[in-house]
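Okay, so here's the structure we're looking at.
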Amino acid sequence: MDLLQKIDLTRLPQHLAIIMDGNGRWAKKQGFLRAIGHENGTKSVKKIIQSCTELGIDYLTLYAFSTENWKRPKLEVDTLMKVLINALKKEVDTLQKNNIRLNAIGNLELLPKNAQKQLLEVIELTKDNTLMTLTLALSYGSREELTNAVRIISEKVKNNIISIDSIDDSIINQHLYTHNLPDVDLVIRTSGEHRISNFLLWQIAYAELYFTAVLWPDFKEDDLYEAILSYQNRERRFGKTSEQIK
């Protein structure tokens with residue numbers, strides 16, 4: 001029996017988030033420039049998106065570019081932006097064909113104008129698609145997201161729009177970039193690193209974490225299936241005891 005046949009399609013993570021790590025190291029191992037690694041990484045993106053739609057996963061969020069990534073060499077940043085623009089142009093028809101809605105979170109105003117334009121065009125074109133929501137985390141940092149939410153909520157309290165006593169989880173959720181997304185169920189990080197790297201810190205409060213040594217350009221369908229099988233073999237208690245869950 002192959003890995004796909006072992007998956008229980010009734011117990012899939014509703015929201016899967018992936019930290020796509022290892023493009024640069026993959027390129028270095030092959031003797032290529034880092035840019036080649038990023039270009040090859042887009043091939044894995046396409047395969048995983050396709051696999052998630054076939055499985056029936058409702059929400060897929062990909063950590064594509066962090067706020068910290070702006071500190072990388074200008075040539076690499078410029079390459080990443082070009083890869084993003086080209087991928088959006090190339091895959092818009094595939095998104096439409098597969099009924100996938102594109103979403104984006106992060107400080108998008110920091111992106112180059114041509115990247116912003118292309119991104120917003122694809123978001124608009126796919127806004128009515130319903131099979132899966134694909135979210136790209138771009139110029140994204142969770143601490144910045146939370147800081148921004150605190151500022152907005154504080155201003156609303158100051159102007160008597162929100163009372164202090166009414167602030168709860170739902171109020172905070174409403175002021176995050178991810179206000180239209182459910183909490184994350186499973187986080188996958190590739191490349192052997194065991195950290196979250198400022199990614200969806202609020203939204204992964206009860207997510208299952210899965211780390212693999214596979215570098216992102218080498219991450220294939222079976223690697224995804226292994227992660228989902230690991231998820232399905234865990235007991236998600238959300239603070240309760242095993243007896244309460246049963």
Side-chain angles (χ1 to χ4, degrees), residues 16-53 60-95 98 100 102-123 126 134-142 144 177 187-200 210-224 227:
L16 168 63
I18 304 179
I19 302 173
M20 306 179 294
D21 195 18
N23 288 342
R25 273 166 284 170
W26 181 91
K28 187 175 181 180
K29 282 177 64 178
Q30 310 293 326
F32 299 140
L33 296 173
R34 291 176 64 88
I36 302 299
H38 296 309
E39 290 172 3
N40 276 271
T42 63
K43 297 176 183 177
S44 291
V45 169
K46 186 171 183 176
K47 289 177 183 176
I48 298 311
I49 291 172
Q50 185 65 39
S51 295
C52 286
T53 57
L60 173 63
T61 298
L62 302 177
Y63 203 7
F65 192 86
S66 73
T67 51
E68 290 76 23
N69 286 156
W70 291 114
K71 301 173 185 175
R72 292 189 174 187
K74 185 177 184 302
L75 178 60
E76 183 172 352
V77 171
D78 289 346
T79 298
L80 282 163
M81 292 300 115
K82 288 177 183 176
V83 168
L84 170 65
I85 293 167
N86 290 336
L88 288 168
K89 287 179 179 177
K90 188 176 179 181
E91 299 304 328
V92 61
D93 289 340
T94 302
L95 295 177
N98 290 289
I100 299 170
L102 183 67
N103 183 44
I105 57 174
N107 191 347
L108 304 180
E109 293 182 358
L110 294 181
L111 297 174
K113 295 300 181 184
N114 54 345
Q116 289 184 47
K117 181 175 181 291
Q118 190 63 50
L119 180 64
L120 294 175
E121 281 182 6
V122 179
I123 288 173
T126 62
L134 169 64
T135 299
L136 300 180
L138 294 162
S139 187
Y140 175 85
S142 189
E144 181 181 75
Y177 296 139
V187 177
I188 298 172
R189 180 169 188 150
T190 60
S191 89
E193 302 292 353
H194 292 74
R195 55 180 177 269
I196 299 303
S197 296
N198 198 19
F199 183 50
L200 300 175
Y210 180 88
F211 300 100
T212 174
V214 177
L215 300 174
W216 179 247
D218 291 329
F219 192 85
K220 302 298 188 290
E221 292 90 339
D222 277 355
D223 300 301
L224 173 67

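The shortest distance between side-chain heavy atoms of L110 and L138 does not fall below 4.5 Å. No side-chain heavy atom of N40 sits under 4.5 Å from any side-chain heavy atom of F32. Residues E76 and H38 meet the side-chain proximity criterion, which asks for heavy atoms closer than 4.5 Å. Within the 4.5 Å cutoff, the side chain of D21 has no heavy atoms near those of the F211 side chain. Side-chain contact between N198 and S66 is absent, with no heavy atoms from C-beta onward closer than 4.5 Å. Annotation: side chain of S139 is not in contact with side chain of L108 (no heavy-atom distance under 4.5 Å).
The shortest non-hydrogen separation linking I105 to N103 is CG2-ND2, 4.2 Å. The two residues V77 and R72 make their nearest non-hydrogen contact at CG2-O, 3.7 Å. Pairing each heavy atom of D218 with each of S44, the nearest pair is N-OG, 4.2 Å. In plain terms, the two heavy atoms of S51 and L224 that are nearest each other are CB-CD2, 3.7 Å. Considering all non-hydrogen atoms of both residues, V83 and T42 come closest at CG1-CG2, 3.3 Å. Contact between A137 and F199 at its shortest, heavy atoms only, is CB-CE1, 4.1 Å.
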* To do: For L102 and L88, run side chain to side chain contact (heavy atoms under 4.5 Å, CB included): C-alpha distance rounded to whole Å, both residues' side-chain angles, the deciding distance at 0.1 Å, then the answer.
  => CA-CA 10 Å; L102 183 67; L88 288 168; 3.7 Å; yes
* Could you go through the side chain to side chain donor-acceptor pair (under 3.5 Å) check for S197 and R189 one step at a time? => CA-CA 10 Å; S197 296; R189 180 169 188 150; 2.7 Å; yes
* To do: Any chance you could lay out the side chain to side chain contact (heavy atoms under 4.5 Å, CB included) test for T190 and D223, step after step, and finish with the verdict?
  => CA-CA 10 Å; T190 60; D223 300 301; over 6 Å; no
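Between the OH atom in Y210 and the CD1 atom in I18 there is a gap of 11.5 Å [rounded to 0.5 Å]. Note: L134 CG to T53 OG1 = 10.0 Å, rounded to the nearest 0.5 Å. To the nearest 0.5 Å, atoms CD1 (I49) and OG1 (T94) are separated by 9.0 Å. The NZ atom of K117 sits 14.5 Å away from the CG atom of L111 when rounded to the nearest 0.5 Å. Taken from NZ in K220 to NZ in K47, the straight-line distance is 4.5 Å, to the nearest 0.5 Å. Here the CZ-CG distance, from R25 to L215, works out to 6.5 Å after rounding to the nearest 0.5 Å.
Other residues, nucleotides and ligands place no more than 12 heavy atoms under 6.0 Å from the CG atom of L75.
By the 30° and 60° cut-offs, the orientation of the rings of Y63 relative to Y140 is perpendicular. Note: W70 and F65 have perpendicular aromatic rings, judged against thresholds of 30 and 60 degrees for the angle between ring planes.
Of the possible polar contacts, none joining the W216 side chain to the M20 backbone as a donor-acceptor pair under 3.5 Å is found.
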